[in-house]
K.L.:
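Next up is a structure, given as structure tokens.
Since the model is a prediction, treat every value here as computed from it, not as a measurement.
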Amino acid sequence: MREAPTLGDKLAVPLLVVGALLSAAGFVWSFTVAPLVNGAEVVPEMVAGQMVSNQLLFSQKIFYFHVPVAMCAFIALVFTFVYSILFLARRDAKYDRRACVATEVSLVFAFCVMATGVPWTRFEWGVWWTWDPRLTTFLILCLMLIGYFVLRAAFEGNEKREVYSSVFALVMCVDAPICFMITRLVPSSLHPVVFRTDGGMTPEMLAGMLMALFGMLAIAYGMYRLRVRQQDMAARIEALKDQLEEID
């Protein structure tokens with residue numbers, strides 16, 4: 001019997017559409033309405049032997065997308081952490097599937113973090129990469145996310161794969177709070193502290209970031225629900241195949 005779609009399944013596609021519209025609105029807003037930090041001006045500067053006139057503009061505006069995708073990656077890891085614990089406690093395969101999908105979403109947004117962060121580093125610090133504590137810990141997290149799927153691919157579809165993946169996911173998730181707190185724990189870090197108690201954002205800047213943030217969150221959840229739905233349907237098809245083989 002076909003399982004009726006849940007409310008989350010029904011909202012998945014609308015959330016993707018709304019998320020795309022909000023993200024686009026945040027993009028337009030950040031370049032047309034939101035000012036630069038502290039009234040900074042765009043001036044030509046020499047970067048790596050080249051005169052760049054939009055260095056400050058780019059490094060300021062990419063913030064509106066770099067931060068939201070990073071938050072989506074971290075929030076998805078919370079789902080990975082919770083569902084991994086639930087699987088180890090109850091040994092229900094549906095929790096393993098949800099943990100796997102959450103990790104997939106986290107990996108997608110982690111790549112987006114790197115894709116937006118590396119150009120920011122180039123324009124702000126004049127290099128493509130530096131072994132700053134924040135960058136290093138996040139790179140380790142990205143490698144562990146990839147390692148999670150390498151581990152899953154190393155085993156056939158059985159409980160051993162699910163148990164090993166869940167344990168590895170718990171270890172992997174320990175790096176997430178370290179990535180978030182490292183700029184506070186290591187005062188010498190070059191990476192700025194984004195969330196501070198002293199504010200620093202004007203209402204126009206905050207509006208742009210919130211549009212991008214809620215847009216990215218809507219996209220992340222829509223992706224998660226669609227993928228979970230597909231995985232659950234695939235699991236039911238496999239179960240029906242096994243039943244048919246037993247009957248034969």
K.L.:
Please list, chain by chain and in numerical order, all residues satisfying salt bridge (Lys or Arg N to Asp or Glu O under 4.0 Å) with K160, sequence neighbours excluded.
P.N.:
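So K160 forms no salt bridge (Lys or Arg N to Asp or Glu O under 4.0 Å) with any residue.
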K.L.:
Examine L226 and I237 and state if one hydrophobic cluster contains both, with Ile, Leu, Val, Met, Phe, Trp and Tyr joined whenever side-chain heavy atoms are less than 4.5 Å apart.
P.N.:
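No, it is not one cluster - the side chains of L226 and I237 are not joined through contacts under 4.5 Å.
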K.L.:
With rounding to the nearest 0.5 Å, note down the distance linking CG in L86 to CG in D92.
P.N.:
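It is 9.5 Å, given to the nearest 0.5 Å.
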K.L.:
Flag the pair F149 / L107 as yes when at least one side-chain heavy-atom distance between them is below 4.5 Å, and no otherwise.
P.N.:
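Yes. Closest side-chain heavy atoms under 4.5 Å.
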K.L.:
Are any of the side-chain heavy atoms of T80 and M172 separated by less than 4.5 Å?
P.N.:
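Touching, per the 4.5 Å side-chain cut-off.
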K.L.:
Go through K10 and V13 one step at a time and tell me if the side chain to side chain contact (heavy atoms under 4.5 Å, CB included) criterion holds.
P.N.:
CA-CA 7 Å; K10 295 178 180 178; V13 174; over 6 Å; no
K.L.:
Begin from the C-alpha positions of C100 and Y83 and carry the test side chain to side chain contact (heavy atoms under 4.5 Å, CB included) through to its verdict.
P.N.:
CA-CA 9 Å; C100 181; Y83 282 124; over 6 Å; no
K.L.:
Apply ring-ring contact (aromatic ring centres under 6.0 Å, His included) to F27 and list each qualifying residue two or more places apart in sequence or on a separate chain.
P.N.:
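Applying ring-ring contact (aromatic ring centres under 6.0 Å, His included) to F27 gives F31, F65.
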K.L.:
Got a second to check how far F109's CZ is from E104's CD, nearest 0.5 Å?
P.N.:
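Rounded to the nearest 0.5 Å, the CZ-CD separation comes to 13.0 Å.
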K.L.:
Where the side chain of S30 meets the backbone of G26, is there a donor-acceptor pair that is under 3.5 Å apart?
P.N.:
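Yes.
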K.L.:
Quick one: ring-ring contact (aromatic ring centres under 6.0 Å, His included) partners of F81, sequence neighbours excluded?
P.N.:
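Counting only residues at least two positions away or on another chain, F81 forms no ring-ring contact (aromatic ring centres under 6.0 Å, His included).
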K.L.:
Measure the shortest side-chain to side-chain distance between E162 and Y95 over non-hydrogen atoms and say whether it is less than 4.5 angstrom.
P.N.:
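A side-chain contact is absent here, since even the closest heavy-atom pair is not under 4.5 Å.
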K.L.:
Could you tell me whether the side chain of R98 and the main chain of K94 form a donor-acceptor pair under 3.5 Å?
P.N.:
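Looks like yes, one N/O pair under 3.5 Å.
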K.L.:
List the steps and the verdict of side chain to side chain contact (heavy atoms under 4.5 Å, CB included) for Y148 and M144.
P.N.:
CA-CA 6 Å; Y148 175 88; M144 295 183 75; over 6 Å; no
K.L.:
Hey, is D96 close enough to R152 for a salt bridge, meaning N to O under 4.0 Å?
P.N.:
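Result for this pair is yes, salt bridge flagged.
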K.L.:
OG1/T136 to CG/L141 distance, rounded to the nearest 0.5 angstrom?
P.N.:
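If I round to the nearest 0.5 Å, the distance is 12.5 Å.
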K.L.:
Would you compute the distance between atom CG of D9 and atom CZ of R225 and round it to the nearest 0.5 angstrom?
P.N.:
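Going from CG on D9 over to CZ on R225, the span is 4.5 Å.
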K.L.:
R97: what forms a side chain to side chain donor-acceptor pair (under 3.5 Å) with it, not counting sequence neighbours?
P.N.:
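Residues passing side chain to side chain donor-acceptor pair (under 3.5 Å) with R97: D232.
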K.L.:
Go through it in stages, so that I can follow the logic: the residues are S165 and F87, the test is side chain to side chain contact (heavy atoms under 4.5 Å, CB included), and I'd like the CA-CA distance, side-chain angles, deciding distance and then a yes or no.
P.N.:
CA-CA 10 Å; S165 299; F87 172 78; over 6 Å; no
K.L.:
At their closest point, which heavy atom of A73 faces which heavy atom of A110, and how far apart are they?
P.N.:
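Scanning both residues completely, I find the closest heavy atoms to be CB-N, 3.9 Å.
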K.L.:
Please round to the nearest 0.5 Å and tell me the distance separating atom CE of M211 and atom CG of L206.
P.N.:
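With rounding to 0.5 Å, CE (M211) is 10.0 Å from CG (L206).
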K.L.:
Tell me, do Y64 and M205 make a side-chain contact under 4.5 Å, heavy atoms counted?
P.N.:
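Touching, per the 4.5 Å side-chain cut-off.
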K.L.:
Is there side-chain contact between I178 and I140, with heavy atoms separated by less than 4.5 Å?
P.N.:
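Side chain of I178 against side chain of I140, heavy atoms only: no contact under 4.5 Å found.
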K.L.:
Looking at L16 and M223, what are the two nearest heavy atoms and their distance?
P.N.:
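Between these two residues, the closest heavy atoms are CD2-N, 3.8 Å.
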K.L.:
The criterion is ring-ring contact (aromatic ring centres under 6.0 Å, His included); which residues satisfy it with F111, sequence neighbours excluded?
P.N.:
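F111: no ring-ring contact (aromatic ring centres under 6.0 Å, His included) contacts found.
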K.L.:
Would you give the length of the straight line joining atom OG of S166 to atom CD of E159, rounded to the nearest 0.5 angstrom?
P.N.:
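It comes to 9.5 Å.
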K.L.:
Can you confirm whether V18 sits close enough to L21 that some side-chain heavy atom of one is under 4.5 Å from a side-chain heavy atom of the other?
P.N.:
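Answer no - side chains too far apart.
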K.L.:
Go through the structure and list residues passing salt bridge (Lys or Arg N to Asp or Glu O under 4.0 Å) with E238, not counting sequence neighbours.
P.N.:
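Expected list: K241.
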K.L.:
Can you find a pair of side-chain heavy atoms, one from L145 and one from T103, that are under 4.5 Å apart?
P.N.:
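Result yes, sub-4.5 Å side-chain heavy-atom pair found.
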K.L.:
Quick one, V101 and Q230 - any side-chain contact, counting heavy atoms below 4.5 Å?
P.N.:
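No, side chains not in contact.
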